[in-house]
Q: 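Dropping a structure here in structure tokens format, bear with me for questions.
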Amino acid sequence: MFLAGLLLAAAAAPAHGCAVAVGARADGSFAQAGYDSSPARLGRLAEQSRIRFVAAARRLCAAGLLRPSDLAGFHELVIQNGEGATEPVI
């Protein structure tokens, strides 16, 4: 619970010029793999992933490892079931 609060605080307070506006959604790969693909479950998963991505991107930007222009290209995260994957997809 404490960690979730820290993540929310980090996501809510962008460093100067490090704003990230990104949406997130889960695709059909969870249902195809036979997992619970209810909107409630996948909605929570997508939102948690979005919060963590935004917090990490803002920290990297504040540290000078990402430029604000690098962050501008991210508009939507597509969360996929990675079962059987051998290579990351970004």
Side-chain angles (χ1 to χ4, degrees):
M1 193 64 140
F2 178 73
L3 180 58
L6 289 176
L7 290 173
L8 288 172
H16 179 69
C18 295
V20 181
V22 64
R25 65 178 177 83
D27 72 359
S29 62
F30 293 90
Q32 293 168 353
Y35 292 107
D36 174 9
S37 60
S38 66
R41 179 179 179 272
L42 293 183
R44 281 192 312 271
L45 174 65
E47 183 59 14
Q48 289 171 349
S49 299
R50 185 194 70 77
I51 288 169
R52 290 178 178 134
F53 176 84
V54 167
R58 285 181 178 163
R59 283 193 306 271
L60 290 170
C61 181
L65 299 170
L66 286 177
R67 298 180 305 259
S69 60
D70 296 328
L71 300 176
F74 291 96
H75 302 288
E76 182 180 45
L77 297 175
V78 179
I79 313 304
Q80 298 178 327
N81 171 29
E83 187 174 316
T86 58
E87 298 179 14
V89 177
I90 297 179

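These values consider heavy atoms only, across backbone and side chains, with no hydrogens, waters or symmetry-generated copies. Note that the structure is a prediction, hence the values are computed from the model and not measured.
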Q: Between Ala57 and Val20, what is the shortest heavy-atom contact and its length?
A: CB-CG2, 4.1 Å
Q: Measure across Leu42 and Asp36 and return the closest heavy-atom pair with its distance rounded to 0.1 Å.
A: CD2-O, 4.2 Å
Q: Hey, is Arg44 close enough to Glu47 for a salt bridge, meaning N to O under 4.0 Å?
A: no
Q: Tell me which donor-acceptor pairs under 3.5 Å the side chains of residues 22-32 have, and how far apart each pair is, sequence neighbours excluded?
A:
from  : atom 1 : to    : atom 2 : distance (Å)
Arg25 : NE     : Glu76 : OE2    : 3.1
Asp27 : OD1    : Ser29 : N      : 3.0
Asp27 : OD1    : Ser29 : OG     : 2.5
Asp27 : OD2    : Gln80 : NE2    : 3.2
Ser29 : OG     : Asn81 : N      : 2.7

Q: Are more than 12 heavy atoms from other residues, nucleotides or ligands located less than 6.0 Å from atom CZ of Arg67?
A: no
Q: CD1 of Ile79 to CZ of Arg50: how many Å apart, nearest 0.5 Å?
A: 11.0 Å
Q: Looking at every heavy atom in both Ser49 and Leu77, which two are closest together, and how far apart are they?
A: O-CD1, 4.1 Å
Q: Closest heavy-atom contact between Leu71 and Cys61?
A: CD1-CB, 3.8 Å
